[in-house]
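The basis for the numbers below is simple: all heavy atoms, side chains too, and nothing from hydrogens, waters or symmetry mates. A, B, ... follow the sequence lines: proteins, then strands. Residue 1 opens every chain. Remember, it's a predicted structure, so these values are computed and weren't measured experimentally.
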Protein chains: 4
Amino acid sequence: MDAIEVGVLGATGVVGQQFVSRLARHPWFRCTWLAASERSEGKSYKSVAPWKLSTPIPAGAADRIVDGCVPGRGPKVVFSGLDASVAGDIERAFAEAGHIVVSNARNFRMDPLVPLLIPEVNPDHLALIPEQRRGKGWPGAIVTNPNCSTIVLAMALAPLRRFNIRAVVVSTMQAVSGAGYPGVPSLDILGNVVPFIGGEEEKMQTETLKILGGDGGRAPYPAVVSAHTNRVPVLDGHTITVSVAFEQPPSIDALADAIRTFTGQPQDLFLPSAPQPPLVLMEAENRPQPRLDADLGGGMAVSIGRLRACPVMHARFVALGHNTVRGAAGAAILNAELMHAEGLLR
Amino acid sequence: MDAIEVGVLGATGVVGQQFVSRLARHPWFRCTWLAASERSEGKSYKSVAPWKLSTPIPAGAADRIVDGCVPGRGPKVVFSGLDASVAGDIERAFAEAGHIVVSNARNFRMDPLVPLLIPEVNPDHLALIPEQRRGKGWPGAIVTNPNCSTIVLAMALAPLRRFNIRAVVVSTMQAVSGAGYPGVPSLDILGNVVPFIGGEEEKMQTETLKILGGDGGRAPYPAVVSAHTNRVPVLDGHTITVSVAFEQPPSIDALADAIRTFTGQPQDLFLPSAPQPPLVLMEAENRPQPRLDADLGGGMAVSIGRLRACPVMHARFVALGHNTVRGAAGAAILNAELMHAEGLLR
Amino acid sequence: MDAIEVGVLGATGVVGQQFVSRLARHPWFRCTWLAASERSEGKSYKSVAPWKLSTPIPAGAADRIVDGCVPGRGPKVVFSGLDASVAGDIERAFAEAGHIVVSNARNFRMDPLVPLLIPEVNPDHLALIPEQRRGKGWPGAIVTNPNCSTIVLAMALAPLRRFNIRAVVVSTMQAVSGAGYPGVPSLDILGNVVPFIGGEEEKMQTETLKILGGDGGRAPYPAVVSAHTNRVPVLDGHTITVSVAFEQPPSIDALADAIRTFTGQPQDLFLPSAPQPPLVLMEAENRPQPRLDADLGGGMAVSIGRLRACPVMHARFVALGHNTVRGAAGAAILNAELMHAEGLLR
Amino acid sequence: MDAIEVGVLGATGVVGQQFVSRLARHPWFRCTWLAASERSEGKSYKSVAPWKLSTPIPAGAADRIVDGCVPGRGPKVVFSGLDASVAGDIERAFAEAGHIVVSNARNFRMDPLVPLLIPEVNPDHLALIPEQRRGKGWPGAIVTNPNCSTIVLAMALAPLRRFNIRAVVVSTMQAVSGAGYPGVPSLDILGNVVPFIGGEEEKMQTETLKILGGDGGRAPYPAVVSAHTNRVPVLDGHTITVSVAFEQPPSIDALADAIRTFTGQPQDLFLPSAPQPPLVLMEAENRPQPRLDADLGGGMAVSIGRLRACPVMHARFVALGHNTVRGAAGAAILNAELMHAEGLLR
């Protein structure tokens with residue numbers, strides 16, 4: 001099989017760096033084009049990317065000359081790690097120019113014609129793409145992945161849909177890498193908790209229902225979510241505590257079974273980035289923990305623990321996912337893998 | 001006024017150190033007796049207490065010879081910072097010997113004849129003391145303060161009782177000082193979250209209802225509490241996110257008013273440790289934060305922020321309190337101040 | 001005594017906030033004027049200062065309208081917490097307009113006519129002021145305090161001058177508050193060490209010798225300093241390890257005596273901010289530590305520990321000081337107190 | 001090639017866990033025996049090892065029944081992650097019983113008949129083994145690796161030996177994982193620096209000279225080392241600042257060349273754990289950093305940066321190594337690989 005050429009929009013940011021790092025060792029995709037703002041254009045990638053990963057800059061990327069985010073210049077398939085402040089216009093322009101944009105930005109997530117995709121949860125939402133092309137008049141397409149805290153919640157709730165979820169109260173403890181670079185000032189977070197992340201609660205409350213919903217997300221899942229979002233001094237890994245109410249409250253054993261046996265198309269298709277299994281149900285009473293468990297399944301698994309009855313709702317648990325892997329670049333790459341498997345990258 | 005002599009049981013531990021430090025500058029109490037385990041008996045306090053506070057050991061305590069926890073040896077009024085593993089037997093023996101034990105330990109908190117006291121919230125629970133003496137046959141008495149996370153929740157809920165609370169879902173982010181010394185290993189918590197604290201959820205779920213309840217706590221408040229408790233890499237200050245459902249849901253403005261105007265006997269009586277006001281309602285969208293707000297009111301105030309509607313329950317907010325001050329030694333000292341004001345230390 | 005009116009240049013920054021907080025409870029100075037950049041001019045202080053201290057904004061400052069940094073507008077005595085990028089021009093303009101500028105900025109520190117003052121160490125350097133006025137033609141004056149890591153080193157070395165220091169190798173572990181706000185990104189420092197602080201090593205290597213030198217610092221102390229400067233995940237308090245070589249190597253006991261008995265004019269004059277004693281020699285083998293000892297002497301003392309022989313140089317030790325108190329605002333205020341005591345603020 | 005069977009003494013501790021994890025994917029060694037204290041004997045490994053690594057317990061180890069540390073029971077080659085309090089007696093007993101003990105413990109490091117081995121630095125020290133067998137009367141043997149901070153220093157100094165090092169002043173910033181589990185209490189190190197690690201300075205000052213010395217280390221390298229050792233809130237990776245004086249001071253370029261071209265037998269023999277290259281000289285002014293660089297070379301490389309002239313000594317730099325990999329289990333495994341390549345494990 002020939003490698004599929006891909007590019008990265010916003011390649012110098014924290015999410016862009018994750019794209020570059022993960023694509024360098026990807027079995028299907030070959031990253032041949034890096035684009036960023038005008039400030040970086042024409043310079044070598046290593047000279048403009050403030051590399052913050054603990055793995056070195058890939059050899060193939062270090063000396064690559066960064067291009068501008070100009071439609072038509074790069075390969076057909078582009079990953080977007082663009083900041084929301086510019087992602088809207090640039091991604092639209094790329095889709096209009098025929099590119100397939102696999103985006104981590106929030107701008108199009110709630111667009112009724114754009115899939116907000118988690119391959120294990122709502123692969124059927126890809127059916128929106130033909131409608132998107134008709135509705136938008138784009139020869140290309142845009143597919144998005146959820147916000148980094150939303151994806152942890154949505155994956156943990158996915159196997160519980162069968163019991164008819166009615167309400168969810170979630171409180172997050174989110175890592176600083178979720179805020180990009182320079183992101184959270186150290187004076188704000190060293191030995192501290194910041195009980196507010198701008199826009200995050202709204203994203204969890206709306207994106208979750210679109211993801212779990214029907215008709216490509218246009219029929220939101222009929223539940224209500226209340227999110228408390230907090231920043232804590234953790235580097236990678238968002239931990240969430242969740243209480244859930246159901247229409248027909250199942251036993252805790254039934255919930256555990258549903259989580260343990262949950263699987264999806266990425267696992268069936270053996271997609272390269274698919275974690276096996278996607279959800280890891282832990283028995284130890286003090287797990288999951290970000291330092292120990294965020295890397296499970298190569299950072300693509302969501303771990304769940306402390307599943308037990310909730311005296312107020314029906315069940316409660318802790319869930320954890322790697323926010324820059326499953327919650328950003330890894331999520332987008334898995335989306336692209338599923339799209340490729342379904343012939344949508346041609 | 002003559003100073004009231006007091007002693008400290010468990011004086012060498014983290015809570016004991018807080019007692020020693022705070023009593024050294026107390027206007028009413030004079031600490032003349034320090035007791036600890038046999039291992040420390042007969043040695044100078046400074047040589048056996050692994051001092052962990054950022055203020056130096058008080059001059060009057062440094063060279064004091066530590067005594068054993070033997071009833072009858074110390075003054076009538078003793079504060080207890082004993083570990084729960086030994087507090088039960090020792091505190092009972094002291095009460096039997098006529099001492100008034102103002103305890104931070106958990107052992108007697110849920111005893112139906114022992115007040116679980118927050119002076120601003122349930123000063124009437126002191127009425128249990130005569131019954132306690134009759135029921136237990138103790139010439140002395142035991143009065144307790146709540147667990148360090150419970151007190152934050154109970155104080156935040158106290159002004160909302162008038163709206164008939166029905167259910168509470170709370171998720172905590174607790175400081176490491178709550179676990180004593182050596183307490184939490186650094187390998188477990190540096191850059192990490194531990195989503196479990198042994199026994200803590202049960203304490204929050206039961207102690208809160210006793211505190212808010214009637215008849216000295218024997219008629220628990222008719223609500224249900226669900227607690228998720230987590231340890232985070234913060235030194236001092238427990239932060240909690242709270243969602244609350246009411247029987248008659250009030251407006252957010254009514255809740256804000258209730259919090260802002262909340263006050264109690266400690267404030268009316270100008271007790272030395274009473275914060276003015278006991279609850280601080282913050283407007284900034286990213287407050288309270290432990291590093292910035294745990295010391296409010298000398299560490300005795302509970303701060304509340306982000307009061308807003310909850311899409312699942314009725315209202316939600318963030319609350320914060322200093323776990324070793326309002327949540328431990330400071331709480332017990334305020335209890336003793338109220339008892340003194342009511343003539344109960346004689 | 002009438003209060004002396006003072007103002008603050010750069011009042012909204014981290015050092016400016018320290019000035020505002022400390023001046024609010026100062027027995028001699030009354031802060032009546034707050035100045036900052038044009039962006040803040042005309043707005044209330046509380047609305048433009050991103051307050052980062054754990055004590056609340058002083059009542060008298062919160063609603064004060066911030067002025068621009070325009071000479072002639074404020075009181076005669078102004079403290080400067082200005083950023084180095086603008087401090088040079090503004091401070092000169094204020095001195096030209098007759099103001100006495102007590103500055104924490106680095107711009108004039110190495111000017112041969114400007115005192116780089118530590119009241120306990122080189123109070124005689126104030127003799128430069130008449131020369132400064134003649135040489136610069138300023139009716140006002142500028143007096144500076146050292147860099148936050150330099151002051152810890154210079155104070156620790158001051159009592160050792162009598163043994164003729166020849167060489168010093170120092171390695172620092174510096175707190176993030178030394179970098180201002182937003183300062184060090186959390187992604188760079190959480191669980192990490194950054195072994196570089198721009199310009200810091202040069203400052204320690206040159207400022208120290210000016211401070212310890214003669215003739216107002218124009219005859220640098222005849223020693224050589226080598227500094228390794230590092231940022232560590234600590235909030236407040238710079239810790240340094242120091243090895244020192246002497247011309248006539250003294251015994252460790254002689255060094256300990258010199259440190260223990262060190263005192264200076266601030267102590268003799270009972271200046272309000274003077275720590276008693278200025279240097280605290282600790283016996284415990286694992287002290288000083290920033291969390292436990294940075295606040296000694298109200299943050300104005302420098303603590304020294306682990307004084308012992310050095311197999312390569314002659315002696316070695318650990319020293320610690322509070323970088324935003326003794327290393328910034330507190331240092332400048334002590335400078336002003338000494339100047340007032342000497343009649344230099346009139 | 002048949003796999004070589006190996007065992008692990010002290011398998012449940014932090015270093016033991018590293019052995020188990022690394023051996024599980026080793027191309028030459030197969031770990032078939034896990035031994036620990038009596039408390040763990042007879043139980044499954046997963047039930048007694050408080051697993052603290054971010055990779056899961058290897059499948060082959062999880063259910064293995066832990067044996068006692070009894071000579072004769074396990075395979076000929078055993079790695080020792082034993083605590084120093086018990087390592088002396090147990091390791092001697094194993095050597096007497098014919099085992100080859102590849103130890104990370106400190107007990108025999110300074111024994112004149114026991115190699116203190118870094119394969120890149122002093123492979124010739126393995127020549128001690130026949131003498132050791134004669135002198136001790138052991139049919140087996142003991143080989144040790146250095147202390148976790150010493151190895152970083154010794155590897156950084158190794159290429160500089162040719163310039164005749166005379167004196168070294170080193171100050172460390174060491175990770176908490178170096179102290180084992182539970183190790184450093186979080187109350188001691190969160191947002192703090194502890195400027196003392198028991199016994200560590202002596203180890204750096206003596207082990208370094210044995211490693212760099214001649215005649216199997218019995219002729220210590222003729223230089224003097226002064227070490228300041230500090231604990232900082234970092235998880236993995238010891239950072240050190242180093243100033244060095246030489247007999248014939250070389251240019252900085254000559255030092256850089258020596259570091260860049262340094263290599264050794266592990267690299268020539270392509271030993272499985274050998275980093276290529278062993279020393280990484282970094283150009284960026286703010287590197288190395290533990291979070292970004294500790295994993296270089298699979299955690300086996302030592303990175304060096306900020307190489308520059310020292311105004312007091314001759315040269316200075318920063319060095320960094322992964323303390324539980326290159327500084328513990330990885331070091332011992334590389335030792336065993338070299339021994340195997342030289343036919344010493346038969």
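Contacts between residues 233-241 of chain C and chain A, defined by a heavy-atom separation under 4.5 Å, are made by C:P233, C:V234, C:L235. Within residues 177-196 of chain A, the residues that have a heavy atom under 4.5 Å from a heavy atom of chain C are A:S177, A:G180, A:Y181, A:P182, A:V184, A:P185, A:S186, A:L187, A:D188, A:I189, A:L190, listed by number.
The shortest heavy-atom contact between C:A319 and C:P288 is C-CG, 4.3 Å. Taking both residues in full, the closest heavy atoms of A:L53 and A:S21 are given as CD1-CB, 3.7 Å, listed atom of the first, atom of the second, then distance. Nearest heavy atoms, C:V20 versus C:P58: O-CG, 3.8 Å.
Around the CZ atom of C:R306, the shell of radius 6.0 Å holds more than 12 heavy atoms that belong to other residues, nucleotides or ligands.
A:N145 and A:N335 share no donor-acceptor pair across their side chains, judged by distance under 3.5 Å alone.
Here the side chains of C:R326 and C:V152 are not in contact, with every heavy-atom distance at 4.5 Å or above.
Pairs engaging residues 9-18 of chain C under the salt bridge (Lys or Arg N to Asp or Glu O under 4.0 Å) rule: none recorded [sequence neighbours left out].
In this structure, the side chain to side chain donor-acceptor pair (under 3.5 Å) partners of C:W33, at least two apart in sequence or on a different chain, are C:D67.
Partner of A:T324 under the side chain to side chain donor-acceptor pair (under 3.5 Å) criterion, chosen from A:Q18, A:K52, A:Q17: A:Q18.
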